[in-house]
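Notes to accompany the following structure.
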Amino acid sequence: MAQANILFFRACLALLAMPIYLLSFLGIWEPFCKKVFFPFFLERFSAVHERKTKKHKEELFRNLPDFTSPSGELKLLEIGTGCGANFQFYPPGCKVTCTDINPNFQQSLSKRMNKNQHVHYERFLVAAGEDLHQVPSGSVDAVICTLVLCSVRNVNATLKEVLRVLRPGGAFYFLEHVAADHSSWKYFWQQICYPTWKLVFDGCCLTREIWKNLEQANFSEVKLQHISVTLPWTPIQPHIIGYAVK
C-alpha cells in the first residue's frame with residue numbers, strides 16, 4: 001500500500017512538473033539547468049543554507065590548521081566549489097584548488113573570492129568528483145565537499161579519488177544531506193519527490209545513505225554526526241557532518 005501511495009504521489013508531482021519533463025525530453029532542460037537555472041538557484045539557496053549551518057561549519061572547520069603539512073603550507077582541494085560558500089571558514093593563508101563539474105558558477109564564485117581575500121586561490125578545475133586526474137596523488141592536506149555527494153554519479157568512486165589526492169594523515173571534510181530514517185514521514189516524502197527533484201535540481205539524489213559509503217571507505221578514522229538542518233518545506237533536512245582521516 002505504501003509503495004502504491006508513493007507511485008501515485010510521484011505521478012501527481014510529475015504532472016505538476018510536466019513542462020520541465022517535456023523540456024527534458026526535447027533535450028532543452030539539461031543545458032538550460034546547468035547554465036542558467038541551477039547557478040541562479042544555488043546562489044540563493046546557498047545564502048539560506050549558510051545561515052542555517054554557519055555554527056556547524058565554524059565548528060567543523062575549526063581544526064583545519066591541524067592538518068597543515070610539515071612544510072608549513074595548508075593545501076585544500078574543494079570538490080564542487082559551486083558559489084564558494086565555504087571560503088569564509090578557511091584559515092588565512094591556505095592555498096585552495098577549486099573544482100566543479102559545472103563551469104557556470106564563475107560570476108558568483110568571483111564575488112566570493114573578492115570577499116575572502118585571506119585565502120590564496122591556486123586554480124579552478126572543471127572536473128567531476130570521480131575523476132580528479134588533474135590533481136596529483138598525495139598532493140593536498142585536506143579535501144572539502146559540502147552538498148555535493150548527493151549529485152555525483154558514483155559516491156564510492158569519488159571517495160576513492162579523495163583518498164588518492166590526500167597525503168597520508170590528511171583529512172576529508174563533509175556536510176551532506178542524506179536519506180531520512182526509513183520509518184519516518186520525511187523518508188516517505190523523499191521517495192515521492194525523488195524523480196522530479198533529481199530532474200529539476202541537476203541530478204541531486206534525496207535518498208542516499210552517504211554515511212555508509214564513508215564508513216566503508218578506507219579511512220583510518222571517521223568522525224561523523226547526524227544533524228537536522230531547519231529547511232522548512234524541503235525534503236533535505238537530515239544531514240551528516242564531520243571529517244575522515246586518511
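Small disclaimer: the values here were computed from a predicted structure and weren't measured.
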Exercise. Test Phe25 against Leu23 for side-chain contact (heavy atoms from CB on, under 4.5 Å), laying out the working first.
Key: CA-CA 5 Å; Phe25 176 76; Leu23 290 172; over 6 Å; no

Quiz prompt | Same apolar cluster: Leu206 and Ile240, side chain cutoff 4.5 Å | solution = no

Practice problem: Identify whether Ile236 and Val178 are in the same connected component of the hydrophobic contact network (ILVMFWY, side-chain heavy atoms under 4.5 Å). | Solution: no

Please work out which of the three classes, parallel, tilted or perpendicular, describes the rings of [Y] and [X], given edges at 30° and 60°.
| X | Y | value |
| --- | --- | --- |
| Tyr187 | His182 | parallel |
| Tyr173 | Phe67 | perpendicular |
| His226 | Trp211 | perpendicular |
| Phe41 | Phe45 | parallel |

Gap separating the [atom1] atom of [X] from the [atom2] atom of [Y], nearest 0.5 angstrom:
| X | Y | atom1 | atom2 | result |
| --- | --- | --- | --- | --- |
| Glu161 | Thr99 | CD | OG1 | 10.5 Å |
| Ile144 | Tyr90 | CD1 | OH | 4.0 Å |
| Ser228 | Gln237 | OG | CD | 5.0 Å |
| Thr230 | Arg51 | OG1 | CZ | 12.5 Å |
| Ile6 | Gln190 | CD1 | CD | 11.0 Å |
| Ser110 | Phe124 | OG | CZ | 9.5 Å |

Practice problem: Would you check, one step at a time, whether the test side-chain contact (heavy atoms from CB on, under 4.5 Å) holds for Thr97 with Leu76? | Solution: CA-CA 6 Å; Thr97 296; Leu76 310 182; over 6 Å; no

Do [X] and [Y] come close enough that some side-chain heavy atom pair is under 4.5 Å?
| X | Y | answer |
| --- | --- | --- |
| Leu175 | Thr53 | yes |
| Cys98 | Phe87 | yes |
| Glu176 | Cys145 | yes |
| His177 | Leu147 | yes |
| Phe172 | Phe174 | yes |
| Phe219 | Val245 | no |
| Phe201 | Leu199 | no |
| Asp100 | Ile79 | no |

Self-check item: salt bridge (charged side-chain N to carboxylate O under 4.0 Å, His left out) evaluation trace for Lys212 with Glu209
Solution: CA-CA 6 Å; Lys212 293 182 179 179; Glu209 298 175 332; 2.8 Å; yes

With distance as the sole test, does [X] use its side chain to make a donor-acceptor pair with the main-chain N or O of [Y] at under 3.5 Å?
| X | Y | result |
| --- | --- | --- |
| Gln216 | Asn213 | no |
| Arg10 | Pro195 | no |
| Thr68 | Gly72 | no |
| Asp141 | Lys75 | yes |
| Arg208 | Cys150 | yes |
| Glu130 | Asn154 | yes |
| Lys246 | Gly170 | no |

Practice problem: Please report the C-alpha distance between Gln88 and Glu50 in whole Å, then the side-chain angles of each, then the deciding distance to 0.1 Å, and finally whether the side-chain contact (heavy atoms from CB on, under 4.5 Å) criterion is met. | Solution: CA-CA 11 Å; Gln88 61 184 301; Glu50 277 179 52; 3.0 Å; yes

Exercise. Please report the closest heavy-atom contact between Pro238 and Ala179, naming both atoms and the distance.
Key: CB-O, 4.3 Å

Self-check item: Nearest heavy atoms of Arg112 and Cys83, plus distance in Å
Solution: CG-O, 2.7 Å

Salt bridge or not for [X] and [Y], using N-O below 4.0 Å?
| X | Y | value |
| --- | --- | --- |
| Glu78 | Lys95 | no |
| Arg62 | Glu59 | yes |
| Lys186 | Asp181 | no |

Does the side chain of [X] pick up a donor-acceptor pair with the side chain of [Y] at under 3.5 Å?
| X | Y | answer |
| --- | --- | --- |
| Glu221 | Tyr243 | no |
| Thr146 | Asn86 | yes |
| Asn104 | Lys34 | no |
| Gln191 | Gln3 | no |

Quiz item: Has Glu30 got more than 12 heavy atoms of other residues, nucleotides or ligands less than 6.0 Å from its CD?
Solution: no

Quiz item: Is the number of heavy atoms from other residues, nucleotides or ligands within 6.0 Å of CZ (Arg153) greater than 12?
Solution: no

Self-check item: Val135/Leu77 under side-chain contact (heavy atoms from CB on, under 4.5 Å): CA gap, chis, key distance, verdict
Solution: CA-CA 9 Å; Val135 183; Leu77 171 73; 4.2 Å; yes

Practice problem: Determine the sole option in Trp197, Tyr194, Phe9 for which the ring pair (Phe, Tyr, Trp, His ring centres under 6.0 Å) test with Trp189 is passed. | Solution: Phe9

Quiz item: Should Thr196 and Tyr21 be marked as a side-chain hydrogen bond (donor to acceptor under 3.5 Å, both in side chains) after you check the CA-CA gap, both sets of side-chain angles, and the distance that decides it?
Solution: CA-CA 8 Å; Thr196 299; Tyr21 277 92; 2.9 Å; yes

Practice problem: Apply ring pair (Phe, Tyr, Trp, His ring centres under 6.0 Å) to His239 and His49, showing your working. | Solution: CA-CA 12 Å; His239 282 58; His49 195 268; 5.3 Å; yes

